[in-house]
Amino acid sequence: QFAPMSRQSSFLPLKMKVVDEAGQAQEWDSWRIRFTGQGGEYFKLWMVNLLLTVATLGLYYPWARLRKLRYLANATQLDGHSLQFHGKPWPLLRGYLLLGALAFAVNVAVQISRPAALVAIGAMVLLTPALWRTALRFRLANTSWRGVRFQFTGSWAGAYLPFLVVSGPAWAFAAVL
C-alpha cells in the first residue's frame, strides 16, 4: 500500500535487483523518490518554451519538449541520485514532421471522398501503436540513472495486440456506419 506523497520524498515499494557496471548485484526493498523542482523555475521554462514555439511557428517544439524532459528528469531523484535525460531534438522533429504529414494526408483525404478518408484514417490508426512504441523507446533509451540508461524491450506484437483488441470492435462499428 502506498503512503501519501509528501513534497519532500516518498517510497516506491518495489523489490528490485539491480546489477551495476562492475557486475555487483544490489537488492532494494524500497527506493526513496524525491522531486526537487520548483514551480517558479518550471513556469519560467514553460514561458520561454511557449514564446519560442510560437515565434518559430511550432518548429521549436521538439527543443522545448526536450528542455522540459531534462528539467523534470534532473529534478527527480531516486535514492538520492537524479535522473538524466540525454535526448537530441532531431528524432523528435522527424517524428513531429511525420505526424504533421499524416494529419495533412487525412485532411486531404477527407476533402476528396469518404472511402479515401477511411483509408487515410485507418492508416493513421494502424500506425499509432508503432509510433507509441517508438516514442517509449526514445524516452527510455535517453533516460539514465546513476549512469545506466533505461531500456524499452516491448515487442511490436505487444504494442499492436492490446490496441487491436480495444479498437477493433470500434472500427467494425465505424465501417458499418
*L131, I121: one ILVMFWY side-chain cluster at the under-4.5 Å cut-off?*
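Yes; tracing contacts between hydrophobic side chains, which count when under 4.5 Å, links both residues.
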
*What's the shortest heavy-atom distance between F138 and G87, and which atoms?*
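Heavy-atom minimum between the residues: CZ-CA, 4.1 Å.
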
*Got a sec: does the CZ of R137 have more than 12 other heavy atoms crowding it under 6.0 Å?*
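12 or below, so no.
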
*With N107, which residues qualify under side-chain hydrogen bond (donor to acceptor under 3.5 Å, both in side chains), at least two apart?*
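For N107 there are no side-chain hydrogen bond (donor to acceptor under 3.5 Å, both in side chains) partners, ignoring immediate neighbours.
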
*Can you name the residues that form a side-chain hydrogen bond (donor to acceptor under 3.5 Å, both in side chains) with S144, not counting sequence neighbours?*
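By the side-chain hydrogen bond (donor to acceptor under 3.5 Å, both in side chains) rule, S144 matches H86.
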
_Ignoring hydrogens, what is the shortest heavy-atom contact between V125 and P129? Give both atom names and the distance._
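Closest approach of V125 to P129: O-CD, 3.5 Å.
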
*asked:* Would W145 and D79 count as a side-chain contact (heavy atoms from CB on, under 4.5 Å) here? Give the steps.
replied: CA-CA 10 Å; W145 178 66; D79 202 35; 4.1 Å; yes

*If you group Ile, Leu, Val, Met, Phe, Trp and Tyr by side-chain heavy-atom gaps below 4.5 Å, do L98 and L127 land in one group?*
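Yes, because L98 and L127 connect within a single hydrophobic cluster, where side-chain heavy atoms sit under 4.5 Å apart.
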
*Should Q84 and N74 count as side-chain neighbours, where that means a heavy-atom distance under 4.5 Å?*
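Side-chain contact under 4.5 Å: yes.
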
*Taking only residues two or more places apart in sequence, or in another chain, which ones meet A75 in a side-chain contact (heavy atoms from CB on, under 4.5 Å)?*
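With sequence neighbours excluded, A75 shows a side-chain contact (heavy atoms from CB on, under 4.5 Å) to F35, T36, given in chain and number order.
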
*Once you round to the nearest 0.5 Å, how far does CG of L69 lie from CG of L92?*
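Rounded to the nearest 0.5 Å, the CG-CG separation comes to 7.5 Å.
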
*Give, for atom OH of Y60 and atom OG1 of T53, the distance between the pair rounded to the nearest 0.5 Å.*
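OG1 of T53 is found 7.0 Å from OH of Y60.
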
*Look up atom CG in L57 and atom CG in L59, then write down how far apart they are to the nearest 0.5 Å.*
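Separation between the atoms: 7.0 Å.
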
Taking distance alone, no hydrogens or angles, what donor-acceptor pairs closer than 3.5 Å link side-chain atoms of residues 41-50 to residues at least two apart or in another chain?
unit_1: E41; atom_1: OE1; unit_2: Y71; atom_2: OH; d: 2.9
unit_1: N49; atom_1: OD1; unit_2: R67; atom_2: NH1; d: 3.0
unit_1: N49; atom_1: ND2; unit_2: L45; atom_2: O; d: 3.4
unit_1: N49; atom_1: ND2; unit_2: A64; atom_2: O; d: 3.2

_Summary of ring pair (Phe, Tyr, Trp, His ring centres under 6.0 Å) pairs that have at least one residue in residues 94-137, sequence neighbours excluded_ =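 Qualifying pairs, neighbours excluded: Y61-Y96.
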
*Can you tell me how far the CG atom of L83 sits from the CG atom of L78, to the nearest 0.5 Å?*
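Between atom CG of L83 and atom CG of L78 there are 5.5 Å.
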
_Heavy-atom closest pair, residues K88 and L66_ =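 That closest heavy-atom pairing would be C-CD1, 3.2 Å.
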
*W90 side chain near L93 side chain, heavy-atom distance below 4.5 Å*: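 They are in side-chain contact.
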
*By side-chain contact (heavy atoms from CB on, under 4.5 Å), which residues pair with I112, not counting sequence neighbours?*
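With sequence neighbours excluded, I112 shows a side-chain contact (heavy atoms from CB on, under 4.5 Å) to V108, A116, given in chain and number order.
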
*Among the clusters formed by ILVMFWY side chains lying less than 4.5 Å apart, do L97 and M124 turn up in the same one?*
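As far as the 4.5 Å side-chain criterion goes, M124 and L97 are not connected within one cluster.
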
*A120 and A105: which non-hydrogen atoms are nearest, and at how many Å?*
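Of all heavy-atom pairs spanning A120 and A105, the closest is CB-O, 4.3 Å.
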
Residues 150-164, side-chain donor-acceptor partners within the protein, below 3.5 Å, at least two apart:
unit_1: S155; atom_1: OG; unit_2: G158; atom_2: N; d: 2.9
unit_1: Y160; atom_1: OH; unit_2: L126; atom_2: O; d: 2.7

